[in-house]
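Below is one structure, written out as structure tokens, with a few remarks after it.
Just so you know, these numbers come straight off a predicted model, no measurement behind them.
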Amino acid sequence: MGDRISKANMLLLILVCLAQFLEVMNSSTVTVALPAIQSSLHMNTNNLQWIVTSYVLTFACFLLIGGRASDLIGRKRVLTLGLAIFAAASLAGGFAMNPVWLIASRAIQGIGAALSIPAAMSLISTSIPEGAQRNKAFAIFGALGSGGFAAGSIVGGLLTDSLGWRSLFFLNVPLGIAIIIGLVFVKERPMEQKNKQSIDLPGAIAVLLGIFILVYGLSMPDLDGSWSTTKIVTLIVGALILVGFVFIEKYAKNPLMPLRLFRIGSLVSSNIIGFLMYSFMTAFIYFSTLYFHALGYSSLITGLAFLPLGLSSVLATQITPYFMRIFGAKMLLIVSQLVNALGLFWLSTMSMDSVYAAFILPVFILLGLSTAAGFTAIIVGSVRDVRLEEHGVAGGIVNTFLQLGGSLGLSILATVASSVTASATDASSNEAMLSGFQTALVVGGCFALFALLLALLSLRKKKAALLQA
């Protein structure tokens with residue numbers, strides 16, 4: 001069959017890609033609408049980040065459960081359930097009357113997405129043959145995700161300026177229902193009986209509590225730029241619970257996250273690099289939105305400003321499989337992280353007088369190309385050496401690392417930015433805010449350099465293994 005995907009698998013691929021498109025588009029539309037939401041619900045800047053963090057946090061917390069559940073009770077079933085939860089939470093978010101209501105709705109949206117994405121990924125990896133077909137399928141999957149970001153930036157701006165930010169949440173409901181109806185006509189690969197086991201409940205509770213407490217601790221406001229005793233204790237408790245989670249998984253009969261998977265070098269390196277990449281990219285998009293708002297951009301103009309980032313990501317997902325065949329996934333990771341680091345360091349020199357077309361646009365295009373190529377290489381690498389019946393949990397693990405990186409990264413870099421801004425003479429000025437953004441982007445660039453170092457080490461290890469063989 002070569003690299004052509006069968007008609008039956010194409011229908012499945014279209015629907016899971018639409019699910020990915022919907023959930024990424026939602027994140028993009030909400031990000032563009034942050035200033036409008038802040039004004040409507042009278043939120044301060046410190047609490048505003050929780051509209052993003054609450055979604056990413058529950059997404060990270062429930063991904064392992066979603067991945068394991070898809071392997072145990074059926075990928076299509078879990079995908080359908082996730083979409084239903086996502087649509088219901090979107091409906092609730094559209095009626096939000098205060099910040100707590102909206103943040104809670106976003107958190108439930110994250111749960112729905114956490115069930116959907118690993119199930120969607122494992123449907124691709126278990127239904128489509130390994131090699132050129134699967135690489136092409138994951139490239140399409142990534143393209144629809146990038147397309148969702150690009151579309152969301154425009155749709156978010158248009159709807160926010162014309163119908164208000166609530167329409168962004170209402171839009172998800174009919175789209176989610178349409179995908180659910182389409183899934184009725186999809187046949188998934190039969191599951192093996194040996195996989196029908198119970199979910200590791202103690203492990204699920206430990207990972208939920210550990211990640212939530214850790215991210216909540218990082219998001220707690222600082223006092224005069226220093227960490228309070230309460231914040232430090234909270235972080236220690238979260239870290240200890242996650243250590244306990246590892247011990248639970250070591251001795252669990254049916255572990256939520258089988259530790260033996262971490263003996264697979266390609267999975268480990270992909271997860272760590274993905275964690276670092278999402279840590280600075282989530283924060284970069286958040287800071288860019290606030291920066292454009294400070295420049296006086298409307299929601300629509302902000303969406304248009306982000307459009308080149310999304311469109312270049314779509315392009316990258318289409319050409320990445322070609323370059324992956326020639327250079328390999330690890331070489332793509334090296335190049336992508338180098339571009340990410342240079343791009344963030346360049347943006348850290350921005351000012352209130354920076355010209356978008358000359359200063360920001362070229363970097364947005366390069367970052368769109370590099371992050372999409374890096375994401376595709378990370379996803380392919382994370383499941384390459386994993387047994388077929390464990391692709392769901394492997395997808396859950398890699399997405400957990402990605403979203404945990406996004407949640408922790410936003411919390412850490414937002415703390416850095418707010419600390420620098422608070423220490424300025426006039427903390428309410430645009431210059432003070434900009435100084436905070438600049439410092440946070442420098443720290444994000446250092447994260448990218450660390451990811452680059454890890455990619456170089458993994459490539460060196462692979463070459464050493466080939467020489468020994």
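- Residue Gly374 comes nearest to Leu333 through the heavy atom pair O-CD2, 3.6 Å, listed as atom of the first residue, atom of the second, then distance.
- Applying the side-chain contact (heavy atoms from CB on, under 4.5 Å) test between Ile334 and each of Leu453, Leu456, Ile273 identifies Leu456 as the sole match.
- Using a 4.5 Å heavy-atom cutoff, the side chains of Thr289 and Val32 are not in contact.
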Checklist line | Step-by-step side chain to side chain contact (heavy atoms under 4.5 Å, CB included) determination, Phe275 to Leu454 | finding: CA-CA 12 Å; Phe275 176 93; Leu454 291 176; over 6 Å; no
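- At a threshold of 4.5 Å between non-hydrogen side-chain atoms, the residues Tyr286 and Leu413 do not count as touching.
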Checklist line | Test side chain to side chain contact (heavy atoms under 4.5 Å, CB included) applied to Leu367 and Leu309, step by step | finding: CA-CA 7 Å; Leu367 287 176; Leu309 183 70; 4.0 Å; yes
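- A heavy-atom distance below 4.5 Å is found between the side chains of Leu102 and Ile37.
- Among all heavy-atom pairs drawn from Leu48 and Leu34, the shortest one is CD1-O, 3.8 Å.
- Put simply, the side chain of Trp101 does not reach to within 4.5 Å of the side chain of Leu41, judged on heavy atoms.
- Remark: aromatic rings of Phe284 and Phe364 are close, center separation under 6.0 Å.
- Across Gly274 and Ile378, no two heavy atoms sit closer than the pair CA-CD1, 3.5 Å.
- Residues Met277 and Phe375 form a side-chain contact, since some pair of their non-hydrogen atoms from C-beta on lies under 4.5 Å apart.
- Scanning both residues, Asn340 and Ser370, for their nearest heavy atoms gives OD1-OG, 2.6 Å.
- For Phe95 and Phe170, the gap between ring centers is short of 6.0 Å.
- Looking at Leu441 and Met350, their side chains come closer than 4.5 Å, going by heavy atoms from C-beta outward.
- Contact detail for Ser351 and Tyr291: the closest heavy-atom pair is O-OH, 2.6 Å.
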Next item on the list: Let me see the working for Val52 and Ile285 under side chain to side chain contact (heavy atoms under 4.5 Å, CB included), right down to the final yes or no.
Entry: CA-CA 11 Å; Val52 177; Ile285 292 171; over 6 Å; no
Next item on the list: Report the C-alpha separation of Leu91 and Phe169 in whole Å, then their side-chain angles, then the decisive distance to 0.1 Å, and conclude whether the side chain to side chain contact (heavy atoms under 4.5 Å, CB included) test is met.
Entry: CA-CA 6 Å; Leu91 183 63; Phe169 290 87; over 6 Å; no
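- A pairwise comparison of heavy atoms in Phe86 and Gln109 identifies CD1-O, 3.5 Å as the closest pair.
- Taking a 6.0 Å sphere around CZ of Phe247, one finds it holds 12 or fewer heavy atoms contributed by other residues, nucleotides or ligands.
- Using a 4.5 Å heavy-atom threshold, the side chains of Met352 and Leu295 count as touching.
- In the displayed structure, Phe345 atom CZ is contacted under 6.0 Å by more than 12 heavy atoms of other residues, nucleotides or ligands.
- The shortest distance between side-chain heavy atoms of Leu342 and Leu366 does not fall below 4.5 Å.
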